[in-house]
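Below is one structure, written out as structure tokens; the observations come after it.
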Amino acid sequence: MPRLLLFLLLLGASGALPALPRRRGARTPTVPYLIRYFQQQVDHFGFDDNLTFQQRYLIADQHWKKNNGPILFYTGNEGDVTWFSNNTGFMWDVAQELNAMVVFAEHRYYGESLPFGNESYSDSKRLNYLTSEQALADFAVLIEHLKSTIAGARYSPVIAIGGSYGGMLAAWFRMKYPHLVVGALAASAPIWQFGDLVPCGAFFSIVTKDFKRSGTGCAESIRNSWSAIDRLSSTDEGLLWLSKTFHLCSPLKNLQDVAVLKRGLSDTWINLAMMNYPYKADFLEPLPAWPIEEVCKFLKDPSLSDRLLLQNVFQAINIYYNYSGQILCFDMAETATKSLGHLGWNYQTCTEMVMPLCTDGVNDMFEPQKWDLKARSEECYKLWGVRPRPSWIISMYGGKNIHSHSNIIFSNGGLDPWSAGGVTRNISHSLVAIMIPEGAHHLDLRGRNPSDPKSVQQARDLELCYMKQWIKMARRH
Ligand SMILES: *[C@@H]1O[C@H](CO)[C@@H](O)[C@H](O)[C@H]1NC(C)=O
Ligand SMILES: *[C@@H]1O[C@H](CO)[C@@H](O)[C@H](O)[C@H]1NC(C)=O
Ligand SMILES: *[C@@H]1O[C@H](CO)[C@@H](O)[C@H](O)[C@H]1NC(C)=O
Ligand SMILES: *[C@@H]1O[C@H](CO)[C@@H](O)[C@H](O)[C@H]1NC(C)=O
Ligand SMILES: *[C@@H]1O[C@H](CO)[C@@H](O)[C@H](O)[C@H]1NC(C)=O
């Protein structure tokens, strides 16, 4: 089996363990917003049909200076847009300082913005309009609509902001529609995690470094856990022991089930690396501050016997899934792929968003797994009736050849595995990279917190400074 790695950029584990009640919505926005709907063309690029759908967006103008004050426009990604507004406190924080209007636009096929209602995911014909290009076109038409219908917004400078896939969209939006936005903040946006632009193993070596630095023996314990699981899986008694030890709702029956368990474990380590925030947060799951350090408290001795080692791995996993203490058992049959967000992202990784990832077990703590496009293509065909086009994103958005663009901030966290595919060096005076060494996945987009490390405070200050510059430049034209 090839590595699936369909985990959403944001939405976490694709595989096994979670079928858990999700308590989301960490942060209530400091200002109330209105929920609006806008009629969009299902197909912006063809004229054969004229179908439309309602795109949802959130809008707040409490801080907006009516006469052409700026608009901060979140380019929604793979999920319910209210989830992003709840976890993007930065935008609400700076709206006041910039006298800005705040808009969060939902990405088509997610949340309530379903082009074919409850049938949107029923076949490849209906899914055909789930692309980044169509999503960007939605944003473009929505911005034109807002500027032409809101009194006093006609000359408002607009800034695109997004995180993760939403960050890629923000950057790409500025590249493709520079007449509509004065600049973009692309946080933790792995726009180079395509083709062979970056080594496929870099992602996992960052995950591993995070565990290495969070406790001695930690990464090594995880590396040793895979073969421990294999040895136990070779007998029925061992399978039963694993099922009990990991509190699985239904027992492991065969090696396929074991593979699902392992996938769930790897996804958990990955998600922890993405969510390694300096304070308690509830993004994918409720987690303590610096969760990897908590996890590593259980993983100090890699030389333990298989059973003792795996008991510790379970304790560690429990931090991720059961921090609330409310989970009775881990249900592996009910995979997280049931949620729309996961389905949609899975489809996108089967078409345009083909991001090669691999492990070697040497530079990382995972089981070795090559990137296998052919196998992935077969899976995609089985699942969706489509095959990936791995080079299209590079043809569309330029790969590393983007120096002709301007006014984009690429911010990345040093702890975030997605920084491997991000822009981490300055390309020109207006294509700027901001590194946050103590930051996990788009920490800078979260609201201010007393436990924020200095590096993220400085990053936010610099981001604000660039945004002010773009707004000032726009005023002169
Ligand atoms: C966002 O926060 C609001 C208010 O706390 C909550 O009602 C909503 O469910 C949250 N959205 C998501 C997707 O968690
Ligand atoms: C297509 O739909 C738009 C919006 O509903 C409408 O204004 C237009 O007349 C339609 N065009 C055709 C050819 O049906
Ligand atoms: C969608 O909803 C309609 C009306 O409620 C229902 O008849 C239909 O079976 C649903 N389709 C799917 C794929 O759930
Ligand atoms: C979750 O934590 C609670 C409280 O510590 C514990 O009783 C329960 O067994 C745990 N659930 C699982 C699946 O381990
Ligand atoms: C890029 O340039 C800006 C402005 O000079 C600077 O603050 C920043 O640290 C540079 N980024 C990197 C990754 O060197």
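Whatever order the structure lists them in is the order used to number ligands and atoms, beginning at 1. The figures here come from the full heavy-atom set of this structure, side chains too, leaving out hydrogens, waters and symmetry mates. Along the sequence shown, the residues carry numbers beginning at 1.
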Query raised in the report: Can Glu367 and Arg223 be counted as an ion pair, charged N to O under 4.0 angstrom?
Result: no
Query raised in the report: Do any N/O atoms on Asn426 end up under 3.5 angstrom from N/O atoms on ligand 5?
Result: yes
Report task. Could you tell me whether the side chain of Phe330 reaches within less than 4.5 Å of the side chain of Ile327, counting heavy atoms only? Result -> yes
Query raised in the report: Below 4.0 Å from any atom of ligand 4, is there a heavy atom belonging to Phe314?
Result: yes
Query raised in the report: Regarding Arg446 and the six-membered ring of Tyr277, is the cationic atom NZ or CZ under 6.0 Å from the ring centre and inside 45° of its axis?
Result: yes
**Report entry** Residue pair Ser188 / His442: nearest heavy atoms and the distance that separates them
**Finding:** OG-N, 2.7 Å
Report summary line: Here the atoms of ligand 4 under 4.0 Å from any heavy atom belonging to Ile327 are 1 (C), 8 (C), 10 (C), 11 (N), 12 (C), 13 (C)
Report task. Report the part of Asn318 (side chain from C-beta onward, or backbone N, CA, C, O) that has a heavy atom under 4.0 Å from ligand 4; answer both or neither where that applies. Result -> side chain
Between ligand 3 and the protein, tabulate every N or O atom pair separated by less than 3.5 Å, reporting distance only.
from: ligand 3; atom 1: 2 (O); to: Asn118; atom 2: ND2; distance (Å): 2.3
from: ligand 3; atom 1: 11 (N); to: Asn118; atom 2: ND2; distance (Å): 3.1
from: ligand 3; atom 1: 11 (N); to: Glu119; atom 2: OE2; distance (Å): 2.9
from: ligand 3; atom 1: 14 (O); to: Asn118; atom 2: ND2; distance (Å): 3.4

Report task. Mark the output for Phe410 as yes if a heavy-atom distance to ligand 5 is under 4.0 Å, and as no if none is. Result -> no
Query raised in the report: Trp345 and Asn77: side-chain hydrogen bond (donor to acceptor under 3.5 Å, both in side chains), yes or no, with the steps?
Result: CA-CA 9 Å; Trp345 185 248; Asn77 35 315; over 6 Å; no
Query - Partners passing salt bridge (Lys or Arg N to Asp or Glu O under 4.0 Å) against Arg36 (at least two apart in sequence or in another chain) - result: none
Query - Enumerated ligand 4 atoms positioned under 4.0 Å from heavy atoms of His247 - result: 12 (C), 13 (C), 14 (O)
Report summary line: For Asn322, the ligand 4 atoms with a heavy-atom partner under 4.0 Å come out as 1 (C), 2 (O), 3 (C), 8 (C), 10 (C), 11 (N), 12 (C), 14 (O)
Report task. Below 4.0 angstrom from a heavy atom of Leu462, which ligand 5 atoms are there? Numbered from 1 as shown, please. Result -> 7 (O)
**Report entry** Stepwise side-chain hydrogen bond (donor to acceptor under 3.5 Å, both in side chains) test for Asn363 and Ser205
**Finding:** CA-CA 6 Å; Asn363 296 301; Ser205 83; over 6 Å; no
**Report entry** Proximal atoms of ligand 4 relative to Cys329 (non-hydrogen, under 4.0 Å)
**Finding:** 13 (C)
Report task. Could you tell me whether Glu463 and Arg460 have a side-chain N and a carboxylate O separated by less than 4.0 Å? Result -> no
